[in-house]
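For reference, positions follow the sequence shown, starting with 1. Everything numeric here is computed off the predicted structure, so don't read it as measured data.
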Amino acid sequence: MSRRRPVVTIDGPAGAGKSTVSRRIAERLGFTYLDTGALYRTVALAAVEDPEVGIADTDRLGRLARDLDIRFGDGGTRVLLGGRDVTAEIRSPEISQAASKVSAVPAVREGLLDLQRRLGADGGVVVEGRDVGSVVFPDAEVKFYLTADVACRAQRRVDQLRESGVEVDFEATRREIEERDARDAGRAVAPLRRPEGAIEVDSGPLTAEQVIESMVAVVRSREGS
Ligand code: DC
């Protein structure tokens with residue numbers, strides 16, 4: 001497959017700063033932003049809301065993932081489920097945990113694969129997730145693995161929620177992130193890991209702007225080569 005513009009993938013654990021960084025890199029490069037975590041979150045929301053679908057009902061979950069009408073608006077920052085704006089709802093702690101559970105179901109991952117590949121097929125896209133450089137776009141032109149230690153990620157999540165008016169406990173947030181890390185990295189299908197060929201970036205000691213600058217520079221140098 002030859003694309004005129006690159007696919008840039010950014011994988012990494014919860015709270016490493018992927019969303020901020022991915023969105024701003026996409027803006028800087030004039031690329032589309034594709035938040036694959038939002039797709040898993042939307043499937044989780046639909047499953048939680050549907051009394052017919054249990055979290056253990058893997059066949060139904062798979063069908064749900066394949067058939068849902070999920071669209072992005074506003075440069076990839078708003079999420080629409082059957083036309084309903086669910087951008088805020090899918091960020092709640094309840095849906096975060098449910099998303100981590102449904103994303104471990106192979107039929108759900110399979111059900112979302114086509115949609116993700118279609119959305120990135122033309123290139124000129126920054127794709128954020130857990131397996132986007134390893135499974136979804138193994139042929140991506142530029143791959144990053146963005147990480148930071150767990151305390152740093154927990155603190156960032158607390159600050160981020162506080163900014164949006166939600167107070168959460170640091171220790172509880174840290175435990176929740178550890179649980180999600182264990183589940184995302186320990187699952188049998190597409191576990192979280194650094195994709196082959198990905199450049200690892202530790203966001204701990206860096207500002208978001210520093211991370212963005214260095215990643216944009218890498219993409220530009222690859223585009224020019
Ligand atoms: O990045 P996020 O926190 O919005 O992702 C929500 C959940 O979805 C997370 O627990 C892991 C899962 N996920 C995944 O398994 N694969 C992806 N490509 C993206 C997210």
Side-chain angles (χ1 to χ4, degrees), residues 9-16 18-19 22 33-73 76-121 127-138 150 153-154 157 161 166 168 172-193 195:
T9 60
I10 304 184
D11 287 297
K18 293 191 303 294
S19 300
S22 305
Y33 164 56
L34 174 55
D35 174 6
T36 63
L39 299 175
Y40 289 95
R41 288 173 178 273
T42 306
V43 171
L45 177 70
V48 166
E49 285 183 341
D50 186 341
E52 308 256 295
V53 183
I55 220 99
D57 191 347
T58 55
D59 286 349
R60 271 202 139 115
L61 277 175
R63 278 201 297 280
L64 188 73
R66 204 189 49 220
D67 298 339
L68 275 185
D69 172 20
I70 311 177
R71 290 166 207 236
F72 288 101
T77 59
R78 304 217 73 82
V79 187
L80 303 174
L81 169 59
R84 165 180 147 217
D85 190 329
V86 295
T87 311
E89 272 169 273
I90 60 169
R91 302 283 153 201
S92 74
E94 183 203 355
I95 297 301
S96 297
Q97 290 299 339
S100 171
K101 286 177 192 155
V102 302
S103 69
V105 175
V108 169
R109 307 202 69 83
E110 189 60 41
L112 289 176
L113 203 51
D114 257 10
L115 175 61
Q116 296 175 77
R117 287 188 175 149
R118 254 186 290 127
L119 290 170
V127 194
E128 152 193 0
R130 300 293 193 290
D131 66 338
V132 291
S134 54
V135 175
V136 186
F137 294 104
V150 70
R153 293 187 279 129
R157 189 49 50 102
L161 287 170
V166 183
V168 290
T173 306
R174 180 195 172 110
R175 271 197 306 278
E176 195 186 286
I177 287 183
E178 276 170 347
E179 269 174 41
R180 281 220 280 156
D181 278 358
R183 211 163 25 225
D184 294 346
R187 68 182 173 223
V189 180
L192 172 68
R193 62 181 163 83

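The number of heavy atoms from other shown groups lying within 6.0 Å of CD (E179) is above 12.
The OG1 atom of T173 sits 7.0 Å away from atom CG of L161, with the distance rounded to the nearest 0.5 Å. Q97 CD to E176 CD: the interatomic distance, rounded to the nearest 0.5 Å, is 5.0 Å. Going from atom CD1 of I10 over to atom OG1 of T36 covers 11.0 Å, rounded to the nearest 0.5 Å. Atom CZ of R193 is separated from atom CZ of R130 by 14.5 Å, given to the nearest 0.5 angstrom. Distance check, rounded to the nearest 0.5 Å: CG of L34 to CG of L39 gives 6.5 Å. If you take CZ on R180 and CG on L192, they are separated by 11.0 Å, rounding to the nearest 0.5 Å.
The two residues P195 and G133 come nearest to each other via the heavy atoms CB-C, 3.7 Å. The shortest heavy-atom contact between S96 and R91 is OG-O, 4.1 Å. The nearest pair of heavy atoms linking D69 to G83 is OD2-N, 4.4 Å. The two residues A14 and I177 have their closest heavy-atom pair at O-CG2, 4.2 Å. For the pair L68 and T42, the tightest heavy-atom approach, listed with the atom from each and the gap, is CD1-O, 4.2 Å. Y40 and S103 make their closest contact through CD2-CB, 3.5 Å (heavy atoms, listed as atom of the first residue, atom of the second, distance).
Inter-residue side-chain proximity for E49 and L45 is flagged as met; some heavy-atom pair is nearer than 4.5 Å. A heavy-atom distance below 4.5 Å is not found between the side chains of R153 and R174. Using a 4.5 Å heavy-atom cutoff, the side chains of V79 and I70 are in contact. For the pair E89/E94, no side-chain contact is recorded, criterion being any heavy-atom separation below 4.5 Å from C-beta on. Between D184 and P191, the closest side-chain pair of non-hydrogen atoms is not below 4.5 Å. Residues D50 and E52 have side chains in contact (heavy-atom distance under 4.5 Å, counting atoms from C-beta outward).
In this structure, Q116 contributes its side chain and L112 its backbone to a donor-acceptor pair below 3.5 Å. The backbone N or O of A38 sits less than 3.5 Å from a side-chain atom of D35, completing a donor-acceptor pair. For R41 (side chain) and I90 (main-chain N/O), a donor-acceptor pair under 3.5 Å exists by modelled atom type. A donor-acceptor pair is defined here as one N or O able to donate and one able to accept, closer than 3.5 Å; no such pair exists between the side chain of R78 and the backbone of F72. Within the 3.5 Å criterion, the main-chain N or O of V105 finds no donor-acceptor partner in the side chain of T58. A side-chain donor-acceptor contact under 3.5 Å links K18 to the backbone of G12. Listed for the R117 side chain is a donor-acceptor partner under 3.5 Å among the backbone atoms of V136. Checking side-chain atoms of D11 against main-chain N and O of V132 turns up a donor-acceptor pair under 3.5 Å. Panel note: side chain T9, backbone V127; no donor-acceptor pair is recorded below 3.5 Å.
Look at D181 and R183 and you find no salt bridge, because none of the NZ, NE, NH1 or NH2 atoms lies under 4.0 Å from a carboxylate O.
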For this session: Check the pair R109 / D131 against salt bridge (Lys or Arg N to Asp or Glu O under 4.0 Å), numbers first and verdict last.
Result: CA-CA 10 Å; R109 307 202 69 83; D131 66 338; 2.9 Å; yes
Exercise. Could you walk me through whether T87 and T77 pass the side-chain contact (heavy atoms from CB on, under 4.5 Å) check?
Worked result: CA-CA 8 Å; T87 311; T77 59; over 6 Å; no
